[in-house]
Amino acid sequence: TANARERDRTNSVNTAFTALRTLIPTEPADRKLSKIETLRLASSYISHLGNVLLVGEACGDGQPCHSGPAFFHAARAGSPPPPPAPARDGENAQPKQICTFCLSNQRKLSKDRDRKTAIRS
């Protein structure tokens with residue numbers, strides 16, 4: 001009976017991961033994510049969506065996570081907020097964090113602009 005309970009539990013966890021994978025946008029769309037990739041991307045996507053709600057997607061560059069203070073990216077549970085970036089570009093400047101989902105949006109915007117430009121030409 002213990003083995004049957006464990007099989008049911010494992011099946012339940014796997015079903016939940018499968019459902020979660022369908023909610024996370026990936027490139028390519030049919031990419032199979034591992035469990036740890038699924039959890040990490042889900043966390044990142046939740047942060048991204050939080051920033052979309054705060055800033056809005058109409059920020060111009062397709063990167064709402066970089067338009068203002070990255071509230072959700074910096075406020076993850078268990079991780080300290082990043083140190084403030086220096087006021088000027090120097091050798092101690094912090095590298096800009098990349099949001100996977102903002103990068104994907106920026107690529108889509110760029111492709112759309114290129115397509116529109118090609119049509120006009």
Side chain Thr22, main chain Ala19, donor-acceptor under 3.5 Å: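 Yes; at least one donor-acceptor contact below 3.5 Å.
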Shortest non-hydrogen separation from Ile24 to Thr38 and the atoms involved: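 Heavy atoms of Ile24 and Thr38 come nearest at CD1-O, 3.5 Å.
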Which atom of Tyr45 lies closest to which atom of Leu23, heavy atoms considered: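 Looking at all heavy atoms of both residues, the shortest contact is CE2-O, 3.7 Å.
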Set of residues satisfying salt bridge (charged side-chain N to carboxylate O under 4.0 Å, His left out) with respect to Glu27, sequence neighbours excluded: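 None.
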Salt bridge (charged side-chain N to carboxylate O under 4.0 Å, His left out) partners of Arg5, counting only residues at least two apart: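 Arg5 satisfies salt bridge (charged side-chain N to carboxylate O under 4.0 Å, His left out) with no residue once adjacent residues are dropped.
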From OG (Ser34) to CZ (Arg40), nearest 0.5 Å: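 Those atoms lie 8.0 Å apart.
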OG1 on Thr18 to CG on Asn11, rounded to 0.5 Å: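 Going from the CG atom of Asn11 to the OG1 atom of Thr18 covers 9.0 Å.
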Any residue meeting side chain to side chain donor-acceptor pair (under 3.5 Å) with Arg7, in chain and number order, not counting sequence neighbours: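 Result, side chain to side chain donor-acceptor pair (under 3.5 Å) vs Arg7: none returned.
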Verdict with supporting geometry, Arg21 and Thr26, side-chain contact (heavy atoms from CB on, under 4.5 Å): CA-CA 9 Å; Arg21 283 183 190 107; Thr26 58; over 6 Å; no
NZ/NE/NH1/NH2 to OD/OE distance under 4.0 Å, Glu37 and Lys32: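 So Glu37 does not pair with Lys32 through a salt bridge.
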Student check: side-chain heavy atoms of Leu33 and Phe17 closer than 4.5 Å: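 No. Closest side-chain heavy atoms not under 4.5 Å.
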